[in-house]
Structure formats: structure tokens, C-alpha cells
Amino acid sequence: MKTIRKIMTLAMAVAMSSGISACRQAGQGAQKAEGNDTKTLVAYFSATGTTARVAQRIANETGGELHEIAPAEPYTAADLDWHDEQSRSTVEMKDPKSRPAIKADSLDMAAYDVVYIGYPIWWGVAPRVINTFIESHDLKGKRIVPFATSGGSGVDESVDALKASYPELDIEKGRLMND
């Protein structure tokens, strides 16, 4: 049992390291292509802290500025109970047009060339608050690098949904990251 646990821990560490390395390479690739003046933003939504920790690591590795996508009304544990058909997260995710309000920010998107957008995967896609963020900021011409956290889902479906919703944006292949 201890051997299996050690192998699982090592596998998770390698996967995490690979994901951060891939994010760092994406940021460095942008800097090489555009010169050293590239400004990076790491914007994230985190309901439980997992995505926040990953975002912090990505910001540290890329030299990016960290920005929390904060809902105007924070989610409670009851709001996040996906087993409850009446929970806030379930109601939002069942309505593709739902756009939960976010706290006002003073981001000047013109200052950034690369925007990492991080989120936990809910119902196979990004939480609706991510749509609110994207629709609240002019991201045209920005290189968008999604990253997600999940206990069991992959990232591809969520990135495909974002690309379908925002075909005018340069959304790259996403990365699934672990805490």
C-alpha cells in the first residue's frame, strides 16, 4: 500500500511539474516571439482554493500578474453542492446564458499580451463566471492560455466550449493542472 501511495505521489508530482513547465514554455514562447516586453496576466476563478494555488504557481513561473476573478457574491458550500438541483452552481450551469456578476476590477487589458485564464471544471466546462469575465474584457488580439483544475474531468471539452463561444479570440490548447 505504501509503495502504491509513493508511486501515485510521484506520478502526480511529475504531472504537475509537466503542466507548469508547459505553461512556462507557453509564456516564454510568447516572450521570444514578441520580445521581452510581453506582459502576462494570470486570471483565475477558484471556488475552493485549488485553482488559486495553481494560478499562483503559474504567475511565479511566468512572471505574470495575478488577478482573481471574484464573483460579486461569493459561493458558499451550499452553492457548490452539485448534488442539489437547486444549488446556485447547478442552476447556473444548467443555463448556458447565465452570467454571474463579478466584482468590478480595473484591469487594463491593453497592457497584456498573454492572458492565462484558470478555472475549476464544472459539468465538463468552465464555470459561467468565466464567461462573465471574458465578456467583460476586450481580449481580442491577446494570446489566451486556459488552465483548469478537476478531480476527474479532462480540459479539452471546456476549452472547445470556450473556443465555440468566442471564435474571434485566440484561445490555445488548455492544460489540466493539479494542486
Side-chain angles (χ1 to χ4, degrees), residues 19-20 23-24 26-31 34-80 87-93 95-123 125-150 155 158-159 161-177 179:
I20 290 174
C23 284
R24 181 177 47 233
Q28 288 172 345
Q31 288 176 348
E34 300 171 18
N36 288 335
D37 296 333
T38 299
K39 286 272 297 182
T40 301
L41 176 69
V42 180
Y44 69 93
F45 164 67
S46 186
T48 63
T50 301
T51 306
R53 288 187 294 275
V54 171
Q56 181 65 61
R57 288 198 323 263
I58 292 171
N60 290 344
E61 290 291 329
T62 63
E65 183 177 322
L66 195 63
H67 173 74
E68 180 182 9
I69 301 169
E73 180 185 333
Y75 289 89
T76 66
D79 291 336
L80 298 173
S87 74
R88 178 174 160 204
S89 60
T90 300
V91 170
E92 289 174 359
M93 295 310 291
D95 179 5
K97 295 182 191 281
S98 176
R99 296 298 182 266
I102 57 176
K103 287 184 181 175
D105 62 46
S106 59
L107 285 176
D108 175 15
M109 280 298 171
Y112 302 102
D113 304 298
V114 179
V115 179
Y116 289 85
I117 298 179
Y119 51 88
I121 295 179
W122 289 1
W123 288 262
V125 297
R128 305 290 183 218
V129 73
I130 295 299
N131 299 89
T132 305
F133 175 79
I134 291 171
E135 293 167 12
S136 298
H137 296 86
D138 182 7
L139 297 175
K140 288 182 184 161
K142 310 295 177 202
R143 193 167 157 232
I144 301 169
V145 183
F147 65 95
T149 57
S150 174
V155 71
S158 72
V159 174
L162 290 174
K163 287 180 178 182
S165 294
Y166 309 104
E168 72 281 6
L169 299 181
D170 179 19
I171 300 175
E172 297 189 358
K173 179 179 171 77
R175 304 263 190 259
L176 185 64
M177 308 288 289
D179 183 29

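We count residues from 1, following the sequence as given.
Judged purely by atom type and a 3.5 angstrom limit, Thr132 uses its side chain to pair as donor or acceptor with the backbone of Pro100. Using modelled atom types, one side-chain atom of Ser89 and one backbone atom of Asp79 make a donor-acceptor pair closer than 3.5 Å. Within the 3.5 Å criterion, the main-chain N or O of Glu92 finds a donor-acceptor partner in the side chain of Arg128.
Side chains of Tyr112 and His67 form no contact here, defined as non-hydrogen atoms less than 4.5 Å apart.
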Query raised in the report: Which is it for Ile117 and Leu139 under the side chain to side chain contact (heavy atoms under 4.5 Å, CB included) test, yes or no, and what are the steps along the way?
Result: CA-CA 11 Å; Ile117 298 179; Leu139 297 175; 4.2 Å; yes
Query raised in the report: After noting the C-alpha distance and the side-chain angles of Ile130 and Ile134, does the key distance pass the side chain to side chain contact (heavy atoms under 4.5 Å, CB included) rule?
Result: CA-CA 6 Å; Ile130 295 299; Ile134 291 171; 3.9 Å; yes
Query raised in the report: Should Ser150 and Leu176 be marked as a side chain to side chain contact (heavy atoms under 4.5 Å, CB included) after you check the CA-CA gap, both sets of side-chain angles, and the distance that decides it?
Result: CA-CA 7 Å; Ser150 174; Leu176 185 64; 3.9 Å; yes
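The distance from the CE atom of Met109 to the NZ atom of Lys39 is 11.5 Å, given to the nearest 0.5 Å. Here the CE atom belonging to Met177 is positioned 10.0 Å from the OG1 atom belonging to Thr149, to the nearest 0.5 angstrom. The OG1 atom of Thr38 lies 9.0 Å from the CZ atom of Arg143; values are rounded to the nearest 0.5 Å. The CG atom of Leu66 lies 13.0 Å from the OH atom of Tyr116; values are rounded to the nearest 0.5 Å. Rounding to the nearest 0.5 Å gives a distance of 7.0 Å between CZ of Phe147 and OG1 of Thr51.
For Ala78, the side-chain contact (heavy atoms from CB on, under 4.5 Å) partners at least two apart in sequence or on another chain are Thr76. In this view, Asp108 and Ala110, Ala111 satisfy the side-chain contact (heavy atoms from CB on, under 4.5 Å) rule, not counting sequence neighbours.
Leu41 pairs with exactly one of Asp113, Val115, Val114 by the side-chain contact (heavy atoms from CB on, under 4.5 Å) rule, that one being Val115.
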Can you give each donor-acceptor pair under 3.5 Å made by side-chain atoms of residues 164-171, sequence neighbours left out, with the distance rounded to 0.1 Å?
{"from": "Ser165", "atom 1": "OG", "to": "Ala161", "atom 2": "O", "distance (Å)": "3.1"}
{"from": "Tyr166", "atom 1": "OH", "to": "Asn131", "atom 2": "ND2", "distance (Å)": "2.9"}
{"from": "Tyr166", "atom 1": "OH", "to": "Glu135", "atom 2": "OE2", "distance (Å)": "2.5"}

